[in-house]
2 protein chains.
Amino acid sequence: METINTRRLSTRDIAYEYIKGQIINGDLVPDSPIIEDQVAKELSISRTPLREALQRLEFEGLISRQTNGRLKVSTISVHEVNEIFQVRSLLEGLLAREATLKASENDIKELRTFTKLIVEASLLDNRKDVVRYGSMFHNYLYSISNNQTAVKILLQLNDKISRYRRIGPIRDSMRSKTAAEEHQDLFNLIEKRDAIAVEDAMKLHINNSLKSAVKSIEEYIAQREEMEE
Amino acid sequence: METINTRRLSTRDIAYEYIKGQIINGDLVPDSPIIEDQVAKELSISRTPLREALQRLEFEGLISRQTNGRLKVSTISVHEVNEIFQVRSLLEGLLAREATLKASENDIKELRTFTKLIVEASLLDNRKDVVRYGSMFHNYLYSISNNQTAVKILLQLNDKISRYRRIGPIRDSMRSKTAAEEHQDLFNLIEKRDAIAVEDAMKLHINNSLKSAVKSIEEYIAQREEMEE
DNA sequence: AAAAGAATAATTGTATACAATTATTCATAT
DNA sequence: ATATGAATAATTGTATACAATTATTCTTTT
């Protein structure tokens with residue numbers, strides 16, 4: 001008989017997923033203090049596995065330790081966003097190139113579907129779906145790229161910026177449209193198996209989204225400063 | 001009065017540094033099992049901080065968890081070395097380019113010193129020193145590059161491969177010589193402030209060292225298989 | 001009132017005890 | 001002898017207790 005390896009989720013992992021979710025979806029805002037005892041009670045678990053979960057989040061940069069030893073939810077600076085996008089640009093380019101070389105006919109079909117969904121969502125001005133299907137497109141490339149080292153890094157970086165991906169009103173409507181076009185271009189080049197061109201196009205695509213991300217974060221920061229007064 | 005922030009090293013961090021050192025210098029060979037109780041007794045500490053240290057090492061890829069929950073010292077595969085060098089090549093290129101743009105006159109002077117030390121060591125056929133001063137050269141570039149995100153990733157990747165950097169006999173003598181030349185070239189381009197050329201030269205430099213690293217690891221694996229018989 | 005210091009409280013760090021899981025040994029049946 | 005299963009041992013996972021550190025409050029002094 002085959003036993004599927006369904007390894008019960010540990011207390012630590014439950015805590016990790018829960019807190020990470022809270023940070024990414026905004027329930028826990030930047031600079032919020034994190035008190036181990038409080039969180040432990042909230043989750044009805046002991047501090048031991050909680051601390052392990054928090055340590056992991058600290059490694060990944062979602063929370064950070066202050067000089068006095070206390071933890072808080074990390075903020076992000078414009079400088080850091082720039083750093084992250086520089087790295088993302090290179091690694092996404094790498095993975096896109098590798099994926100182009102390795103993609104099967106079926107992979108192409110899948111990517112065509114995602115591209116179609118992205119374009120349709122952008123025509124309906126549904127920016128949330130543009131982001132959603134965009135992520136799927138990228139993640140699919142990750143999965144066929146065969147470079148786990150780069151993928152692991154990218155997933156972490158993506159977590160760090162995703163919570164700032166505010167879906168603003170007018171400006172982002174434009175970005176949605178061009179992002180959709182860029183995905184269409186990317187797909188066409190992948191289909192043509194032009195790996196070098198795909199790499200360049202992907203790097204450009206990421207760099208274009210940088211500006212939008214920086215604006216989001218500047219708005220986020222400004223908004224929070226307003227609230228403090 | 002000024003108090004320097006010298007924050008006593010925690011038990012966890014001591015354990016982390018100790019075990020990491022053992023893995024990197026080869027006292028703990030790949031695939032060695034790691035039993036929490038044993039290590040805790042060896043270090044005369046409790047399992048709580050030890051587990052946190054182990055978790056960090058796991059995160060960094062130096063140890064890995066098997067499906068049964070037990071930990072072991074990670075092995076590295078030729079495939080993974082290739083992955084790592086692909087990423088390193090891009091990130092080292094990025095940092096070298098940024099460093100070239102940001103380097104002060106004093107930075108240039110420091111780099112010149114490292115370059116001289118590398119070349120001298122290679123002339124004396126002192127490969128260990130070539131590696132040592134080479135690392136210093138790279139680390140110095142990291143420090144002036146102003147991209148902490150990329151630096152953090154690179155330091156981790158470097159840890160993963162450094163323990164396989166066997167200083168073999170004949171072949172590596174050649175590699176030392178060319179590596180020294182490459183550093184000299186890199187320095188000349190940095191001095192000329194040709195950031196684009198520096199990036200390309202650095203990417204090439206890393207890619208050249210890949211072949212040598214793969215050979216080291218293949219030898220390492222072959223050697224261990226021999227011992228098993 | 002402001003500053004300094006002692007006392008107290010809050011929080012993190014570590015050790016130990018217990019629970020759950022996985023591996024090993026040993027007995028038994030085929 | 002080999003396979004099966006129960007009993008035991010080894011190991012990891014979690015909770016609790018205590019120690020060390022940092023923050024806060026309260027008193028005292030100027």
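To find a chain, count down the sequence lines: A is the first, B the second, and so on, and within it residues start at 1.
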Practice prompt. Using heavy atoms and a sub-4.0 Å distance, could you list which residues of residues 39-52 of chain A are near DNA chain C? By number, please.
Written response: A:R47, A:R51
Discussion item. Expressed as a whole number of angstroms, how long is the span from B:L54:CG to D:dG13:C1'?
Written reply: 14 Å
Discussion item. Show every ring pair (Phe, Tyr, Trp, His ring centres under 6.0 Å) that has at least one partner inside residues 24-53 of chain A, sequence neighbours left out.
Written reply: none
Practice prompt. May I have the distance from B:L71 (atom CG) to D:dT12 (atom C1'), rounded to whole angstrom?
Written response: 9 Å
Fill in: Set of residues satisfying ring pair (Phe, Tyr, Trp, His ring centres under 6.0 Å) with respect to A:F137, sequence neighbours excluded
A:H183
Item to complete: Would you mind reading off the distance between B:E36 atom CD and C:dT21 atom P, rounded to a whole angstrom?
Response: 16 Å
Practice prompt. Round to a whole Å and report the spacing from CZ of A:R12 to P of D:dT14.
Written response: 7 Å
Worksheet item: Would you find a donor on one side and an acceptor on the other, under 3.5 Å apart, between the side chain of B:D129 and the backbone of B:R132?
Response: no
Item to complete: Using the ring pair (Phe, Tyr, Trp, His ring centres under 6.0 Å) rule, take B:F114 and B:Y133 through it: C-alpha gap first, then chi angles, then the decisive distance, then the call.
Response: CA-CA 6 Å; B:F114 290 132; B:Y133 296 127; 7.5 Å; no
Response to the item:
Residue set satisfying side-chain contact (heavy atoms from CB on, under 4.5 Å) with A:I221, at least two apart, ordered chain then number -> A:I217, A:E225
Worksheet, complete the sentence: residues 58-80 of chain A vs ring pair (Phe, Tyr, Trp, His ring centres under 6.0 Å), sequence neighbours excluded, gives A:F59-B:F59
Using the 3.5 Å cut-off, write out each protein N or O paired with an N or O of nucleotides 5-7 of chain C and the distance between them.
none

Worksheet item: With sequence neighbours left out, what residues match A:L43 under side-chain contact (heavy atoms from CB on, under 4.5 Å)?
Response: A:A15, A:Y18, A:V39, A:I45
Worksheet item: Between atom CG in A:N68 and atom P in C:dA10, what is the gap in whole Å?
Response: 17 Å
Item to complete: Specify the separation, in whole Å, of atom CZ of A:R56 and atom C1' of D:dG13.
Response: 16 Å
Worksheet entry | Whole-Å gap separating C1' (D:dA20) and CG (B:D13) | 16 Å
Worksheet entry | A:K41: side chain to side chain donor-acceptor pair (under 3.5 Å) partners, not counting sequence neighbours | none
Fill in: Set of residues satisfying ring pair (Phe, Tyr, Trp, His ring centres under 6.0 Å) with respect to B:F85, sequence neighbours excluded
none
Item to complete: Take atom CZ of B:R70 and atom C1' of D:dT11, then tell me their distance rounded to the nearest Å.
Response: 4 Å
